[in-house]
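What follows is a short report on a single structure.
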Number of protein chains: 2
Amino acid sequence: MTTGTLVPVFAALGDETRWSILAALGEGDASASALAGRLPVTRQAIAKHLAVLQEVGLVEPIRVGREVQYRVIGSQLSDTARRLEAIGAEWDRRLATIKEIAEGL
Amino acid sequence: MTTGTLVPVFAALGDETRWSILAALGEGDASASALAGRLPVTRQAIAKHLAVLQEVGLVEPIRVGREVQYRVIGSQLSDTARRLEAIGAEWDRRLATIKEIAEGL
DNA sequence: ATGATCTGCAACTATGGGGTTGCACAAATC
DNA sequence: GATTTGTGCAACCCCATAGTTGCAGATCAT
């Protein structure tokens, strides 16, 4: 059913600050320090969030000289969406079946 | 962008126990007590999880006599998946644009 | 009416996680 | 070489939350 590594991704997406980071990264790669300039949180806090996002494969680090820029991996987001879609469809199907049985068809 | 109520849904989906509950409910409506019989957690814990799931519209309470059964709302899951899909596509599009610019096309 | 069962609310514990400050270190800049 | 700027690590605070126990109130069965 591949629900294995899916839950941590949702957990990662269940935080407003991380969405802010993803939104900021959506306008171009950026380092933790650069992000700290735009968001109302410390660089260290952002670094932790980036670690979480990297852990679940939503973001990718890229060394540029002495700084580390991060890039959003859009495909991972799409994958997650498709897997969620599949589960939703499966549920709809199953619930329809249950409803039929309940109505005695 | 409708990212408004989306984050809490992901937060709700970012917990293994809640997925267990959803999986159990996928095999038919059940009450908190019934669920407590199958899962290795207390009824009260399950009740809290059900409250969270209801809060974000993933589940729906149905009074049956003295007990309260819960039903999965598959459409909410599908909606969430579609919205995530849309965001993912948007990102892919934007990142592709950025890449083009970066490569000087 | 009594007992069994299911729900609801409340208090309490404890672990995790978001956030901070502080410092040490690496790498550009001057 | 000295200074700046960016990263990494560690300790710490604080609050949200997953989980528990305990009890009171409904509701169904006998």
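Chain letters run A, B, ... following the sequence lines, proteins first and then strands; every chain starts at 1. The structure presented is a predicted model; accordingly, all values stated were derived computationally and were not measured.
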State whether A:T17 places a side-chain N or O below 4.0 Å from either non-bridging phosphate oxygen (OP1 or OP2) of C:dG19.
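Checking C:dG19 against A:T17, a side-chain N or O does come within under 4.0 Å of OP1 or OP2.
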Using only side-chain N and O atoms of A:H49, determine if any of them is under 4.0 Å from OP1 or OP2 of C:dG19.
yes
Among [options], the nucleotide that comes nearest once only the side chain of [X] is considered:
X	options	answer
B:S31	D:dG6, D:dC28, C:dT7	C:dT7
B:S33	C:dA11, C:dC6, D:dG6	C:dC6
A:R66	C:dA28, C:dT20, C:dT7	C:dA28
A:A45	C:dG19, C:dA28, D:dT20	C:dG19
B:T42	D:dT20, D:dT7, C:dT7	D:dT20
A:R18	C:dG18, C:dT20, D:dT20	C:dG18

Report the residue (B:Q69 or A:R63) whose heavy-atom-nearest nucleotide on DNA chain C is the more 5′ of the two.
B:Q69
Return whichever of B:A34 or A:A11 has its heavy-atom-nearest nucleotide of DNA chain C closer to the 5' end.
B:A34
Of A:E67 and B:V41, the one whose closest nucleotide on DNA chain D sits nearer the 5' end is A:E67
What integer distance in Å separates [X]:[atom1] from [N]:[atom2]?
X	N	atom1	atom2	answer
A:L13	C:dG18	CG	P	12 Å
A:L50	D:dG8	CG	P	10 Å
A:L39	C:dG18	CG	P	15 Å
A:E16	C:dG17	CD	P	18 Å
B:L35	C:dC6	CG	P	12 Å

Regarding [N], can its base be found pairing with the side chain of [X] as donor and acceptor, where the two atoms are less than 3.5 Å apart?
X	N	result
A:Q44	C:dG22	yes
A:K48	C:dG17	no
B:R43	D:dG19	no

Minimal heavy-atom distance between A:A30 and A:L25, with the atoms involved, is N-CD2, 3.6 Å
Locate the shortest heavy-atom distance separating B:L39 from B:S20; write the atom from each residue and the value.
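What the structure gives for the nearest pair is CD2-CB, 4.0 Å.
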Are there over 12 heavy-atom neighbours, none belonging to B:E90, within less than 6.0 Å of that residue's CD?
yes
So with a 6.0 Å cut-off around CD of A:E55, is the heavy-atom count from everything else above 12?
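Not more than 12 within 6.0 Å, no.
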For A:I21, run the side chain to side chain contact (heavy atoms under 4.5 Å, CB included) check against A:V52, A:L58, A:L35, A:V41 and tell me which one passes.
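Result for side chain to side chain contact (heavy atoms under 4.5 Å, CB included) with A:I21: A:L35.
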